[in-house]
Amino acid sequence: MAVVDHEGLIVTANEALSALVGISAAALTAQSASDLVDLAADGRTWHAYREVLHGRRSRFRCTRRLKHPDGRSMWAEITVVPMPATEADGDSGNGNGNGDSGSRIGDGDGDDGTRGAADGSRPPGQVLLSVADVSDRRELQKRLRHLQMHDPVTRLPNRMLFFERLSAVLETPPYQDDSLPGRGRIGLCYLDLDGFKAVNDTLGHRIGDRLLAAVAARLTDCAEQEGPHPTGAPLVARLGGDEFAILVEESTGTQQLTDLARTVLAALQKPFDLAGQRLSVSASIGVVERPVAGTSATALMQAADTTLYWAKADGKARWTVFDPERNAHRMTRQALSSNLRPAVERGEFTIEYQPLVGMADGVVRGVEALVRWNHPQFGMLSPNRFVAIAEEDGSIVQLGRWVLRAACRQARRWQLDHPAEPPLFISVNVAVRQVWDSDLVTDVAEILAETGLDPALLQLELTESAVMGSAGRPLQALQSLSDMGVRIAIDDFGTGYSNLAYLSRLPVSVLKLDGAFVHGFRYEDGTHPSPADETIVEAMVQLAHRLGLTVTAECVETAGQAERLRRIGCDTGQGWLYSRAVAPERIAELLGARALEA
C-alpha cells in the first residue's frame, strides 16, 4: 500500500509494496503513483484515477500487467480510495510522512485502509493506493475459462466461444481501407458429418469420440492452410454432436469460402485409422459469405443451417452456397404451410370452375372445381403453389373436405336455379392422402346427403400414380365410392406408371389424358403435329372405350387440336379453347347457351 497526495505523488509506502515493485520504501517517496503502476496507459483509466484524487469519485479499481523484480510479468489489481478525514487532520493540516508511519500502513484489519498510520493525522486530499498480485487468480480464471469455452473431446472452441467470437466480429465496426478488400466481410462453413450416428451405433461412442477428434485435427489443418491473414487462421469450432463450423473473418469473397469447403471435403474423404478401425466418412457443408454490415449472428446461422440442409438434400458429401432466391422460396413455402389450416377457417379459399365440354357437340357436360387461395400477402394463388405443401403437412385433408362440400353445394345450387337444363356434373380433385388419412367414403356420403346432390353428378379425380398402385384401404375406398354411384377419374393419365393391367380391376369411369399429349397436336404455332403422340392418344382412347371408360382431353387450346381429338374419338375436352376457370356466376350464364364453339 501507499498513501498518495492530491498531486498523485507517493507520501509513504509499506514494505509489501516495496517488495512487489523492487524499489525501497524510501525511494518510492515523492514518486508518481501513476507512473509506478502504469495508470496513464489509457485515457479512461487516467481520468478515473484523477477523479478520485480530486474528491469527485469514491473509488477506482483496475487491473494492470506489471513487471516483477524477478523479470516475470504479473497481473496486479490496483485500487484507489480517498483517505478518511480525522479530527487530527483539522488540527495539524499536514502530515509528517516519516518512515515510521509508512512502515505500519496496512497493518490494521480494516478493508478500507483507515488504520495503520502512527498518529492518524493525514492532510485532506490524500488517497490510499493498494496493489495486489492477482497473477495466480488470473491464471486460474484463464484455465477455468478455457475449460468452459472448449470442447473436451476435440479440444476445439465450443459453441459458447464460437458465438462469443462471432458476436465480437459482427459488433466491431469494419476497417475503412480500400487496399484491403476483405475488410468488412465474413464467411462461414457449417458442416455436418454424413452417417456419424451409424459409427456411434455400431462401433460405440469411444470410437465415435476418436473420430470426432481426428476430424477436428484435419479441419484445423485445413484452416491453417489458408495462409497469412490479418486476423490469423479461421476459427474452427465444434458446435455440438457432429456439427463443426469454420469462421472466416474479413473474408475476401465467396471463392475463398468455396475453396476452403473443397479443401475440407478432400481432407475428410481420406480414410481414418482409429484403434485398428479404418473408417471413411464424408461431410455436407453449407457455405455463407456476406458483408458484416447488416448481418446478425442469428441471421448468419439461420442461413448456414438452411444451406447445410440443402447440401444434405442434394445428395450429401458436397458443399452448397447460400442462395437468397432459393431461401426466399423456402421462406414462402414455410409461410404458406404455417397459414394453411388457419386460412381454411378464415375463409381465404375460393373455387373457380372450368367447363368440361362434349367434343362432338360443344355442349357443357360438367365442370372441374379448382381451388384458389386469396392470400392476404401473396395475392391470388393457384393450386400448384400450395396443394403440394398441403399434402406434405396433412392440411390437404381439411382443405379437401372444404372444397368437396363447397363444390357439391354449388352444383346443387345450379341444378335448383336452372331446373329446365340437364344438371352439370362436378369434378373434384382428391389427394391420395385424403384416402389414407381420412374416412373419404364417410365424408362424401355425408356431404352428398347434406347438399342433396345425386352421387352420379359427382366425379372424383385422382392422379394416375396414386390410383395405379392402389391396394388395401385405398382400393376399398374407391370401390365403396363407385358402389355409391360416384364416378372415379384418373387424372394426368399416360405420364405415371401406365400399368394398364390395373384398368380392368379398378372402379374407374374416366381417363383424363395429360396435356403433354395434346400439345403435340398443334399446327397453329408453325410446328408439325407429332404422329407418335396422335398414335398413342388414339390407342389409349380405343383401349378406354373397349373397357367401357370415357376419355377427357386436358389442355385443349386450339381448334386444330379439338378437331383431331374429336376425330380420334375423345369424349370431352377441357382447356382455354373453351374457357378458363371462372367464377360460379359465369358458369350459370353458360348454362343457357350450353354449347361452346370450338
Side-chain angles (χ1 to χ4, degrees), residues 353-370 400 403-404 407-408 411 422-432 434-435 440-441 444 448 453-470 474-475 477-518 536-556 561-562 565-566 568-575 578-579 581 596:
Y353 301 88
Q354 188 170 32
L356 294 160
V357 180
M359 299 294 293
D361 54 12
V363 173
V364 180
R365 307 293 185 189
V367 293
E368 179 180 354
L370 298 171
V403 172
L404 182 63
C408 289
L424 297 177
F425 72 85
I426 187 82
S427 190
V428 180
N429 290 280
V430 175
V432 68
Q434 289 178 257
V435 183
L440 182 62
V441 176
V444 170
L448 290 175
L453 186 68
D454 186 342
L457 296 178
L458 176 61
Q459 175 175 292
L460 299 180
E461 297 186 19
L462 290 90
T463 61
E464 179 184 340
S465 57
V467 174
M468 285 305 179
S470 294
L475 181 57
L478 295 180
Q479 188 62 60
S480 297
L481 290 167
S482 179
D483 293 343
M484 193 187 301
V486 175
R487 293 195 293 179
I488 306 298
I490 300 179
D491 196 15
D492 299 332
F493 185 76
T495 60
Y497 294 105
S498 298
N499 191 337
L500 300 180
Y502 276 96
L503 287 179
S504 62
R505 306 174 198 167
L506 292 173
V508 175
S509 303
V510 181
L511 297 184
K512 297 189 71 175
L513 298 181
D514 187 80
F517 295 108
V518 179
I536 292 172
V537 171
E538 185 173 5
M540 287 193 292
V541 170
Q542 291 177 359
L543 174 64
H545 287 168
R546 289 287 185 90
L547 295 174
L549 310 179
T550 60
V551 179
T552 298
E554 298 181 297
C555 301
V556 182
Q561 290 172 331
L565 290 167
R566 184 184 304 114
I568 286 173
C570 281
D571 301 284
T572 54
Q574 176 182 2
Y578 306 108
S579 173
L596 297 181

(request) For Tyr578 and Val364, run side chain to side chain contact (heavy atoms under 4.5 Å, CB included): C-alpha distance rounded to whole Å, both residues' side-chain angles, the deciding distance at 0.1 Å, then the answer. (result) CA-CA 9 Å; Tyr578 306 108; Val364 180; over 6 Å; no

Can you confirm whether [X] sits close enough to [Y] that some side-chain heavy atom of one is under 4.5 Å from a side-chain heavy atom of the other?
| X | Y | value |
| --- | --- | --- |
| Val367 | Ile426 | yes |
| Thr572 | Thr550 | no |
| Val441 | Leu481 | yes |
| Asp454 | Pro423 | no |
| Leu458 | Met484 | no |

Working to the nearest 0.5 angstrom, can you tell me the gap between [X] [atom1] and [Y] [atom2]?
| X | Y | atom1 | atom2 | result |
| --- | --- | --- | --- | --- |
| Ser482 | Arg487 | OG | CZ | 11.0 Å |
| Leu460 | Ile488 | CG | CD1 | 5.0 Å |
| Asp361 | Arg566 | CG | CZ | 9.5 Å |
| Ser509 | Leu547 | OG | CG | 12.0 Å |
| Leu440 | Leu478 | CG | CG | 8.0 Å |
| Leu424 | Leu457 | CG | CG | 8.5 Å |

Work out which heavy atom in [X] is nearest to a heavy atom in [Y]; give both atom names and the distance.
| X | Y | result |
| --- | --- | --- |
| Val430 | Val435 | CG1-CG2, 4.3 Å |
| Gln434 | Asn429 | OE1-O, 4.1 Å |
| Asp491 | Glu554 | OD1-OE2, 2.9 Å |
| Val486 | Val444 | CG2-CG1, 4.1 Å |
| Val428 | Ala407 | CG2-CB, 3.9 Å |
| Ile568 | Glu538 | CG2-CA, 3.5 Å |

(message) Working note: Met540 + Val551, criterion side chain to side chain contact (heavy atoms under 4.5 Å, CB included); need CA distance, chi angles, decisive distance, verdict.
(response) CA-CA 9 Å; Met540 287 193 292; Val551 179; over 6 Å; no

(request) For Leu565 and Val537, run side chain to side chain contact (heavy atoms under 4.5 Å, CB included): C-alpha distance rounded to whole Å, both residues' side-chain angles, the deciding distance at 0.1 Å, then the answer. (result) CA-CA 9 Å; Leu565 290 167; Val537 171; 4.3 Å; yes

(request) Using distance alone, with no hydrogens and no angle criterion, decide if Gln459 and Ser427 have a side-chain donor and acceptor under 3.5 Å apart. (result)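 There is such a pair between these side chains.
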
(request) Determine, step by step, whether Glu461 and Val510 satisfy the side chain to side chain contact (heavy atoms under 4.5 Å, CB included) criterion, reporting the C-alpha distance in whole Å, the side-chain angles of both residues, the deciding distance to 0.1 Å, and the verdict. (result) CA-CA 9 Å; Glu461 297 186 19; Val510 181; over 6 Å; no

